[in-house]
Amino acid sequence: MSKNEWEVEWERVLWKKKPYPDNYVPRSFLSSLSRNPNFRPYTYWQLVVLSCPISQHLASIFVFLAVFLRLQQRLLDPRALVWISAGVFLTGYAVWEVLDCSEADAATRYTKRAKTLRASILVFLALMSLSPVLKTLTAATSSDSIWALSACLFILNALLADYTALRPQSHRRERLTSVLSTNAAISSSVVLASRLTDDISVFGLILFSVQSFALFPMLRRRIQATAMSYQVILTILLCGLSVALTYPLSSTATFLYIACFIFVTFIAPGMLVWAQRFKNEIRGTWDPAVPKVYRRSSIAR
Amino acid sequence: MRATTVLWPSDLPSCSGICYGWKRPLILVAGVVPAEDEEDETVRALISSVASDPRWRGVHEMFTSCPTVIGFCVASASNSIPPVLRIKERSLHDDPSPDVLRCVLYRRHKRQSMRFYTFDFNELDILPSQESNGNSSPTSSRNAYALLDADFTRIQTSASRRGASLDAEVLSQANFARLLSDLVERRRAGDQLPGSRTPAAGTPDRPATPSTPPTVTVGEQRSRRTLVARVTRRLHAALRDLSTTVDQLDVRIEQAIYVAGEIPHVYHDKARTVSSISKYIKFHNCVWLVLNDVIIGIAFGTFLCENREILAAWLEYLMQYHLIHRTERALLWLNNWPAGLKLNTELSQFYCHTLIGMVSVWGWLLGRAAPYFPALIWTIGIAGSCGMTMIVSLLSDTLSLLTAHLYACYFISTAVFSQQLGLAGSLWNLFRGKRYNVLRNRIDTWDYDLDQLLLGTILFTLLAFLYPTVLTYYALFATARLAIMIVHAVLDTATALLNHFPLFALLLRVKDPLRLPGGVCIQRSKTGPLILTSQPAPLSSIFRHYAHLAGRLTTHYHPIRMLRQLAAGKLLTPIPRSAIRYNMIPVKKCVP
């Protein structure tokens, strides 16, 4: 019997007596194997735009570090910092309101505004009363440990941060990792605040850190859901601000920051695109089925 | 040819006559009335008159059948071989042919000797009942029988249907055989007068509970003084938990009431049932324990009284150096970077100053009280005349009093530490987006507001950085408290040992094992016939409730358990007194 005849008679059964041996491999073996079936290749510029949130986050960290250094070297008046924080908060809230104007009900908007006002006053007063305590928390530790601890905490913050976009309709529940990243950033700012001399600078620094690591990420995620041009503008603004603030203090750091930004924005997407050639996902009829779930935006009747 | 088992008394002098006893479940001969012929009408009349005797009526309901005439026996040559017995059968269904008799000898114990047969040592209830469960019938076999009786699916076996086996009824027949034969002999000897009844004190007593102690007002539930009664009871319980001496006094009062109540029952009981024997043993155990206690207490108390000066000086040195001076030094050490650990300066200062203040105030107080230490030791020695347990309780209380400052510091540290742990737990829930639902007693997901999250974050940093300081101070005082707990454990064990040792039962076991039976067995004697012998109770069963008590003590004072409580920030307390306290008097559960 030739191979062609075997091929014709081949069936995927073992309980029938067949002319071919049991270990015969037909030509149609693994014909249902598909490689990379859901593969949508990344394009370079798309990835560059998608890497904007990371740059924004890193930029906010760098801005915070620059503010801390100025406070420590008494180049920045703490009261001014408090006013700046308040102003930035109001601006950010206005932007948020503009983006969130899909809420039709005036009453809901009023309640939300009242809640926000209450929350902000509460946090403000709490920070003001706790800042003498927060100043002394790590006062006894030596400066080297402080720098190391703070660096570790900021790295943790950058790693665990939530870089996804915030859809307006989706349920806004924070994930544990994003809460932990906020915690790490606030702890780092408390640790750094123990190097400062008077209470008002501590208050200013921690207020600024709460604003830039707890409130700003929310706004950033909201902007991410909008048009691409706003994201790019925001990224350029923030990176420019961080570089401008750092340049008078230390040029080494400035160059380091610029290198970091270039790496994150241009080189890393390139690497990712290059690495796609190694993507080898195998799927076949033997894998568990993936259900197709149709999401409806409104419930029918 | 069927073999019938006959239980024959081994102490019966050999004679010919009419035997009487029980036919069911096994043929048990209680005695022999000497007679020449087989005419048994007089014996029958004797037995029926005995049945109306007041002393017999009390034990009468233990048996399912009445004693009857069994048959005629012919004396044998020697005393050891049981005589030939001709059984008189009334029933027509039985085989009238003479059948082989298998004799098992048993001893008829005199009632005054308080020996008896039983299968199960637990029938003899010498263990005091536990205070927490107030039921008065703790034997497991009685519960098992009650359960079987209540089972309505069981076929009720009447006495006639029960097989002929050596069961509990046979043993109780053997126990009362002597009483029956004594009554028959007395009737035969001549006092047939119906008026000569033995006094009422001879009647075997029913298992009645003696009077309850006056502090437990079980009968006054519906009176107007219910509120006062309840308050008194609660105060009583609280005082007992607070001070070991009060508890010991309570135990003594209870023992005194029990002894006073039991004397008429114990000493005027003529016909000994198993319950009266157990009462006897319990009573004497109590009296012996108290007397031993008092003897040891007087000896130790004399020692304390005579050496009070030296002991007081040593005690004062111990207090001042170890409790005050070393604590202060430890606190100062913690304040100044202990072992290189950098604690939060402000919090550490605050802790240190407060606690040193408390400790030095206490040190000043102790210094003022130092001249009175000899008097204190003398008082403890005098209290030894009430018993060694009183000395041990007073020592335990004195220890608690002298280390009150350490307890106060420990209490404060524990409060702060447990607060911090609670805060950490709820913050963990906050970060995960979950909340504790009090209504459903579970953790639910919950959407927190932004300000709650922010405040939680700030509190978390505070907690994380202040935790090492709180932990160090807590660890110092927790270690001190652990050491004091170990001393308390030793003292509590000594008290429990002295209060509840089954001394009388042990010595009884040594002196006369037959009075503490734990089972029966049938042995073959050297000369030939089978003998029913009583086996003495094993030592493990005498110490059974003791193992229970030891289990309680080890569970409470187990090192792993104490360490786990320390890690969770719970307060370490000495064992509650009710857990190691056994009531002599069963407390009746009052039904509202």
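Chain A is the first sequence line, chain B the second, and so forth, proteins listed ahead of strands; every chain is numbered from 1. Since this is a predicted model, take the numbers as computed values, not measurements.
With rounding to the nearest 0.5 Å, the separation of OG1 in Thr182(A) from CZ in Phe431(B) is 9.0 Å. Rounding to the nearest 0.5 angstrom, the gap separating the CG atom in Leu122(A) from the CG atom in Leu454(B) is 9.5 Å. Taken from CD in Glu346(B) to CG in Leu137(A), the straight-line distance is 9.0 Å, to the nearest 0.5 Å. Atom CZ in Phe465(B) sits 11.0 Å away from atom OG1 in Thr136(A) (nearest 0.5 Å). Expressed to the nearest 0.5 Å, how far CD1 of Ile458(B) lies from CD1 of Ile206(A) amounts to 7.5 Å.
Counting heavy atoms from C-beta outward, Leu215(A) and Leu450(B) have side chains that approach closer than 4.5 Å. By the 4.5 Å heavy-atom criterion applied to side chains, Leu462(B) and Leu134(A) are counted as neighbours.
Arg326(B) CZ: 12 or fewer foreign heavy atoms inside a 6.0 Å radius. Annotation: Arg234(B), atom CZ; neighbour count of heavy atoms from other residues, nucleotides and ligands within 6.0 Å does not exceed 12. Residue Trp147(A) qualifies as enclosed at atom CH2: its count of foreign heavy atoms under 6.0 Å is above 12. Other residues, nucleotides and ligands contribute only 12 or fewer heavy atoms inside 6.0 Å of the OH atom of Tyr230(A). Other residues, nucleotides and ligands place no more than 12 heavy atoms under 6.0 Å from the OH atom of Tyr372(B). Within a 6.0 Å sphere centred on CD of Gln419(B), other residues, nucleotides and ligands contribute 12 heavy atoms or fewer.
In terms of heavy-atom proximity, Leu455(B) sits nearest to Ala126(A) at CD2-CB, 3.7 Å. In terms of heavy atoms, Ser187(A) sits closest to Thr461(B) at OG-CG2, 3.1 Å. Scanning both residues, Lys342(B) and Thr141(A), for their nearest heavy atoms gives CD-CA, 4.3 Å.
Counting heavy-atom pairs closer than 4.5 Å to chain B, the top residue among Leu180(A), Leu176(A), Asn183(A) is Asn183(A). Interface check for chain A: of the options Asn344(B), Thr469(B), Asp451(B), the most heavy-atom pairs under 4.5 Å are formed by Asp451(B).
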